[in-house]
Amino acid sequence: MSTTTALSPEVLAKYQPVIGLEVHVQLLTETKAFCGCVNRYGGEPNTHVCPTCLGLPGALPVLNRRAVELAVLAAKAIHCEIRETSIFSRKNYFYPDSPKGYQISQFDKPIAEEGWIEVPGAAGATKRIGITRLHLEEDAGKSLHDGFADSVSRTYIDLNRCGTPLAEIVSEPDLRTPDEAFEYLTRLKEILLYCGVSDCNMEEGSLRCDANVSVMLKGSKQFGTKAEVKNVNSFRYIRAALEYEIERQIEVLEGGNRVVQESRLWNNAEGRTYSMRSKEQAHDYRYFPEPDLPPLVVGEAWKREILTALPELPEARRARMIAEYEINQQDAMTLTATRAFADSFEAAAKAAKSPRRVVSLITSELTGRLKAANLELEQSPVTLAGIVQAADLAESGELSSKMLKQLLDSCFAEGKDFAEIYEREKPQQISDAGAIEAMIDEVIAANPKQVAQYVGGKKTVAAFFVGNVMRLSKGQANPALLNELVTRKLDSLGGSH
Ligand code: ADP
Ligand code: ZN
Ligand code: MG
């Protein structure tokens with residue numbers, strides 16, 4: 001049994017963890033990497049298969065063009081160099097869920113190399129984490145160890161996933177803390193989602209991560225021996241597994257022993273890792289070039305064409321939005337949480353009278369209520385259209401901020417959009433010209449300076465009177481009538497002077 005509580009902070013502080021991550025993402029293609037089978041999660045076991053992905057003798061692979069395009073997009077988004085000619089290789093190993101006895105992968109000439117991702121560093125700075133490579137490969141099938149009546153004695157195989165296109169993204173050992181690893185994964189996933197290259201659904205296994213970690217004495221130039229933690233299905237657990245593993249390794253070293261290079265499994269229920277298999281001997285995958293596939297050539301013209309689909313990436317988008325809408329980093333994070341939301345937000349903001357007011361409604365009124373109701377942005381009862389309507393009403397002075405808050409409360413209490421609640425609850429409109437005129441007179445009497453400005457030719461001052469009368473009427477004055485009466489009244493003043 002390991003005990004990870006015995007270490008004092010002083011002992012922990014002697015060591016420097018080093019982390020490198022290997023991330024596999026399934027690419028969002030219609031069909032598999034090397035055959036025409038549908039690339040879709042689930043389905044009756046062994047129905048999305050054909051001679052090629054079953055590895056039957058004589059069946060030949062044909063590379064899926066779309067998989068290449070998605071890999072190129074992803075590679076560019078993480079600042080990698082795209083290699084013009086890359087080579088597919090066979091990675092030979094025996095495993096029941098890999099019927100060919102090898103995996104088609106890329107070895108010494110991957111499609112992309114030498115990129116980076118930025119993560120938040122100390123004191124508001126950012127830190128660049130190097131990406132060693134991004135390469136294309138195919139997924140294996142799945143071994144089903146439980147769920148069947150005879151699962152005690154048998155393992156079942158589902159080959160639907162066999163041949164699903166994957167991009168493997170390998171980081172440099174540049175990460176230094178479990179938190180940094182968490183940030184790296186969060187950023188990477190966000191970028192991949194923005195590019196539309198993968199759905200990154202960890203529960204369904206479309207994003208999987210192996211975490212490599214070692215420790216060394218602080219100040220040392222020589223990395224320690226690493227262990228690789230597998231089978232972790234959320235970023236939070238990866239962070240927890242790394243925290244555990246760092247302490248375990250320090251304990252091993254403090255005990256005068258050495259860390260063994262091995263793969264370890266994270267057990268979530270117990271919150272610890274277990275040794276899976278020793279990696280002491282270098283693996284012998286006997287890589288060799290795949291004889292059934294020609295070199296993959298991504299020429300300048302094709303590359304350029306692919307990259308026209310590269311969207312504005314999250315980090316750049318946040319920087320632009322911070323400037324454009326005068327918001328802070330935190331608000332920008334909220335608004336860019338998904339590309340779809342950011343897109344509809346920006347469309348809505350452009351359609352609204354005041355984009356700034358739409359932002360503040362979302363960040364100050366909507367997100368708080370969502371949090372209280374434990375809802376995600378996409379589950380909000382109030383749609384963006386509803387927010388724009390509310391913002392416009394507030395902007396024109398037809399809704400006081402107090403009234404607005406009450407209406408939003410009702411929306412959340414009843415699970416209804418703003419339009420519906422507003423229609424029902426909206427303040428009764430005053431359409432009586434006499435009543436409105438009385439209020440206009442009152443505002444005019446109280447603001448002789450503005451009257452003088454108007455009479456002097458500054459016609460835009462009319463908006464000042466409209467706004468003040470609207471407020472005086474508690475938002476109830478009929479806006480069209482109010483506009484008309486204000487102008488008429490002010491013009492008549494001009495005439496009499
Ligand atoms: P392997 O040959 O075992 O696959 P690689 O050198 O290919 O090892 O690296 C695999 C991953 O492990 C990379 O993400 C890399 O950054 C990381 N890594 C390599 N050496 C170390 C180390 N000493 N400590 C932590 N991570 C490491
Ligand atoms: Zn197939
Ligand atoms: Mg390796």
Short N-O contact, [X] and [Y], less than 4.0 angstrom:
| X | Y | result |
| --- | --- | --- |
| Glu183 | Arg187 | yes |
| Arg66 | Glu30 | no |
| Arg369 | Asp409 | yes |
| Asp108 | Arg133 | no |
| Lys14 | Glu254 | yes |
| Lys230 | Asp210 | yes |

Is it true that, when you exclude [X] itself, more than 12 heavy atoms of the residues, nucleotides or ligands shown sit nearer than 6.0 Å to its [atom1]?
| X | atom1 | result |
| --- | --- | --- |
| Lys127 | NZ | yes |
| Gln330 | CD | no |
| Lys371 | NZ | no |
| Asn374 | CG | no |
| Phe223 | CZ | yes |
| Gln406 | CD | yes |
| Lys405 | NZ | no |
| Arg236 | CZ | no |

For a quick test of reading the model, state the closest non-hydrogen atom pair linking [X] to [Y] and the distance between them.
| X | Y | result |
| --- | --- | --- |
| Ala181 | Ile19 | CB-CG2, 4.4 Å |
| Cys53 | Lys32 | SG-NZ, 3.4 Å |
| Leu482 | Ala477 | CD2-CB, 4.2 Å |
| Met470 | Ser396 | CG-O, 3.7 Å |
| Ile129 | Ser171 | CG2-CB, 4.5 Å |
| Pro165 | Ala33 | CD-N, 3.6 Å |

Close side-chain approach of [X] to [Y], heavy-atom, < 4.5 Å:
| X | Y | answer |
| --- | --- | --- |
| Trp302 | Val68 | yes |
| Phe412 | Leu366 | yes |
| Gln26 | Arg161 | yes |
| Gln106 | Glu137 | no |
| Ile131 | Cys80 | yes |
| Leu166 | His135 | no |
| Tyr422 | Leu399 | yes |
| Cys195 | Pro311 | yes |

Please confirm whether the backbone N or O of [Y] pairs with a side-chain atom of [X], one donor and one acceptor, at under 3.5 Å?
| X | Y | answer |
| --- | --- | --- |
| Arg83 | Pro110 | yes |
| Lys218 | Ala13 | yes |
| Asn212 | Gly20 | yes |
| Asn201 | Ser206 | no |
| Arg264 | Val229 | no |
| Glu365 | Ser360 | no |
| Asn39 | Thr164 | no |
| Asp174 | Gly130 | yes |
| Asn233 | Gly205 | no |
| Thr383 | Gly386 | yes |

Evaluate the side-chain contact (heavy atoms from CB on, under 4.5 Å) criterion for residues Leu393 and Leu404: first the C-alpha distance (whole Å), next the side-chain angles of each, then the deciding distance (0.1 Å), finally the verdict. CA-CA 9 Å; Leu393 287 166; Leu404 182 63; over 6 Å; no
Measuring from atom [atom1] of [X] to atom [atom2] of [Y], what distance do you get when rounded to the nearest 0.5 angstrom?
| X | Y | atom1 | atom2 | value |
| --- | --- | --- | --- | --- |
| Glu168 | Thr132 | CD | OG1 | 10.0 Å |
| Arg339 | Leu313 | CZ | CG | 9.0 Å |
| Leu384 | Phe345 | CG | CZ | 8.0 Å |
| Leu175 | Leu21 | CG | CG | 5.5 Å |
| Lys189 | Tyr184 | NZ | OH | 14.5 Å |
| Glu84 | Glu300 | CD | CD | 7.0 Å |

Quick one, Phe88 with Leu136, criterion side-chain contact (heavy atoms from CB on, under 4.5 Å). Give me CA distance, side-chain angles, the key distance, then yes/no. CA-CA 8 Å; Phe88 285 99; Leu136 272 166; 3.9 Å; yes
Verdict with reasoning, Glu414 to Arg424, per salt bridge (Lys or Arg N to Asp or Glu O under 4.0 Å): CA-CA 13 Å; Glu414 301 175 41; Arg424 192 183 73 202; 2.8 Å; yes
Pair Gln329, Met333 - check side-chain contact (heavy atoms from CB on, under 4.5 Å), show working. CA-CA 6 Å; Gln329 176 74 20; Met333 292 299 279; 3.7 Å; yes
Worked check of side chain to side chain donor-acceptor pair (under 3.5 Å) between Glu346 and Tyr325: CA-CA 10 Å; Glu346 290 210 80; Tyr325 304 104; 2.7 Å; yes
Checking side chain to side chain donor-acceptor pair (under 3.5 Å) for the pair Arg318/Thr336: CA distance, chi angles, key distance, verdict? CA-CA 7 Å; Arg318 281 193 277 273; Thr336 56; 3.0 Å; yes
Using 30° and 60° as the class boundaries, would you call the ring planes of Trp266 and Tyr237 parallel, tilted or perpendicular? tilted
side-chain contact (heavy atoms from CB on, under 4.5 Å) between Leu217 and Tyr15: does it pass, once the steps are laid out? CA-CA 4 Å; Leu217 283 171; Tyr15 290 90; 3.8 Å; yes
Is the NZ or CZ atom of Arg272 positioned over Tyr274's six-membered ring, under 6.0 angstrom from the centre and within 45° of the axis?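 Yes, cation above the ring, under 6.0 Å and within 45°.
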